[in-house]
Amino acid sequence: MARQTAKKSNPLAKRNASKALKPATLAVHGGALRSSFGETSEAIFLTQGYTYPDSESAEARFANREPGFVYSRFANPTVAMFEERMRLIEGAGAARAAATGMAAVTASLLSHLKAGDHVVAATALFGSCRYVVEELLPKYGIGSTLVEGTDLSAWKKAVKKGKTKALFLESPTNPTLAVLDIEAIAEIAHKAGAKLIVDNVFATPIWQKPLSLGADIVVYSATKHIDGQGRCLGGVILSDEQFVADHLATFLRQTGPALSPFNAWVLLKGLETLAIRVERQTATAARLADIIGNHPKVARVFYPGRADHPQAELAKRQMGGGSSLVTFEVKGGKAAAYRLANALDVVLISNNLGDSKSLITHPSTTTHQRLSEEARLAQGITQGMLRFSIGLEDPDDLAEDVTRALDAA
Ligand SMILES: *Cc1c(COP(=O)(O)O)cnc(C)c1O
């Protein structure tokens with residue numbers, strides 16, 4: 001069913017009633033707002049502002065007494081459709097879109113934290129998230145502590161009762177695909193009176209539902225699997241209605257990281273094929289993980305769907321499926337990793353992920369270049385490591401490409 005605020009601000013036709021439907025169905029129909037033309041596909045409302053029939057209704061709309069849109073920095077029909085579709089898929093109370101994944105992460109922290117507060121985060125974070133936690137927050141008097149995310153006692157030790165207001169993690173992690181215990185970490189957060197924020201990009205909304213495991217806020221870079229075709233940037237924050245009403249709505253409205261209606265439309269159409277893409281990518285990834293894991297040139301493979309994954313048991317309990325990514329370490333360090341990547345024909349060298357095109361990256365010289373070698377090794381990121389994002393090509397072609405490149409390494 002429509003979230004209250006969207007319903008209020010929606011002068012268009014009624015939404016699909018959709019509470020009991022499964023995610024794949026919600027991803028196709030959820031949140032659709034049809035105009036009087038009855039269009040099948042969602043419309044793109046490329047408009048900055050809105051008009052009012054008279055001054056009285058302008059006043060009423062600004063006072064929130066009358067439904068309707070006011071300005072596209074605050075809300076826009078196409079963006080509202082994307083938010084509502086994400087909300088339904090995630091099973092959240094509320095959703096708000098942002099221009100990028102990083103805008104979403106930053107808003108999920110800065111919207112409610114203030115000087116004197118403290119944040120605990122896992123060390124294994126997306127590079128820009130680490131900058132926000134480690135460098136940006138402390139500039140504004142918000143302290144932060146980084147911990148090894150798989151070590152529950154480290155989380156407990158780092159939490160300062162009354163001061164720690166947020167715990168932040170991603171799972172599976174980038175690039176080693178370690179799986180963190182969301183339920184247990186949520187319990188640690190709540191005991192301390194803090195919120196747990198989960199960056200769910202690597203898991204996707206198809207394989208992991210952090211809110212049902214006790215997380216308070218979920219963030220996505222919609223740039224990844226949600227678009228899934230390498231076209232535009234986007235982000236989204238999901239939580240209960242209270243958090244949006246108390247903190248997030250005002251922060252986004254006044255600081256302005258609004259998602260473009262055009263990008264919202266691309267992401268809406270991306271959602272329609274999300275489940276089928278992620279399922280196919282994961283099935284292919286599982287097959288490739290075995291091929292890679294059995295190759296004599298490979299020292300180690302990291303794949304949450306395999307029995308040799310360090311948190312295999314937890315992955316099985318917490319996630320509905322493995323991952324569309326496979327990380328592995330070739331014998332022979334950087335030179336061998338480069339030989340392998342350079343020998344690939346179908347798979348492209350790129351630092352993005354979740355794309356329909358298969359992509360491979362060498363984390364220590366790209367996404368994690370900023371860290372010292374010591375900091376990289378502390379996270380298990382070696383010079384022979386490659387992160388492989390599996391796309392939608394024919395699995396046989398990918399298997400052939402990867403096997404040939406492994407032989408060349
Ligand atoms: C890509 C990514 C982000 C940042 O998203 P952008 O859309 O590039 O701003 C944040 N977290 C994770 C885990 C990511 O993979």
Side-chain angles (χ1 to χ4, degrees), residues 79 82 86 95-110 119 121-137 146 149 166-180 182 196-208 210 215 217-238 252 255-260 262-264 266-267 270-271 274 278 281 302 304 319 323-327 350-355 359-361 363 366-371 379 381 387-391:
V79 176
F82 171 63
M86 279 301 307
R96 284 291 183 276
T100 66
M102 282 321 302
V105 168
T106 306
S108 77
L109 292 162
L110 281 183
V119 173
T123 310
L125 288 184
F126 182 73
S128 299
C129 297
R130 226 177 123 158
Y131 160 79
V132 169
V133 170
E134 227 178 349
E135 295 182 43
L136 184 69
L137 296 183
L146 293 177
L167 271 54
F168 181 67
L169 64 86
E170 52 182 84
S171 179
T173 62
N174 178 26
T176 59
L177 307 180
V179 176
L180 275 52
I182 295 173
L196 174 63
I197 306 169
V198 175
D199 178 339
N200 207 38
V201 166
F202 274 56
T204 82
I206 303 304
W207 294 142
Q208 185 166 273
I217 300 166
V218 175
V219 290
Y220 287 100
S221 164
T223 313
K224 311 296 163 53
H225 302 80
I226 293 174
D227 174 3
Q229 288 150 87
R231 298 163 297 189
C232 63
L233 305 172
V236 60
I237 307 140
L238 300 118
L252 294 173
T255 64
L259 179 65
S260 143
F262 182 83
N263 289 358
V266 172
L267 299 172
L271 282 176
L274 178 68
V278 169
Q281 287 167 328
F302 302 83
M319 300 178 69
S323 173
S324 66
L325 291 110
V326 180
T327 295
S350 173
N351 48 287
N352 207 358
L353 62 102
D355 203 278
L359 307 173
I360 200 155
T361 194
T366 60
T367 55
H368 292 71
Q369 193 188 99
R370 197 176 71 87
L371 299 179
Q379 282 184 52
I381 304 168
R387 190 196 72 192
F388 184 13
S389 169
I390 284 75

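Whatever order the structure lists ligands and atoms in, that order sets their numbers, starting from 1.
When the options N200, I197, L180 are evaluated for a side chain to side chain contact (heavy atoms under 4.5 Å, CB included) with L169, the one that passes is L180.
In terms of the side-chain hydrogen bond (donor to acceptor under 3.5 Å, both in side chains) criterion, residue partners of T173 (sequence neighbours excluded) are, by chain and number, T176. Under the rule for a salt bridge (charged side-chain N to carboxylate O under 4.0 Å, His left out), D355 has no partner lying at least two apart in sequence or in another chain.
Under the salt bridge (Lys or Arg N to Asp or Glu O under 4.0 Å) criterion, no residue pair touches residues 217-226, with sequence neighbours excluded.
Distance check, rounded to the nearest 0.5 Å: CG of L110 to CG of L137 gives 6.0 Å. Separating the OH atom in Y220 from the CG atom in D199 is a distance of 9.5 Å, to the nearest 0.5 Å.
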Between ligand 1 and the protein, tabulate every N or O atom pair separated by less than 3.5 Å, reporting distance only.
| residue | atom | partner | partner atom | Å |
| --- | --- | --- | --- | --- |
| ligand 1 | 5 (O) | S221 | OG | 3.0 |
| ligand 1 | 7 (O) | G101 | N | 2.9 |
| ligand 1 | 7 (O) | S221 | OG | 2.8 |
| ligand 1 | 7 (O) | T223 | OG1 | 2.6 |
| ligand 1 | 9 (O) | G101 | N | 3.1 |
| ligand 1 | 9 (O) | M102 | N | 2.9 |
| ligand 1 | 11 (N) | D199 | OD2 | 2.6 |
| ligand 1 | 15 (O) | K224 | NZ | 2.7 |

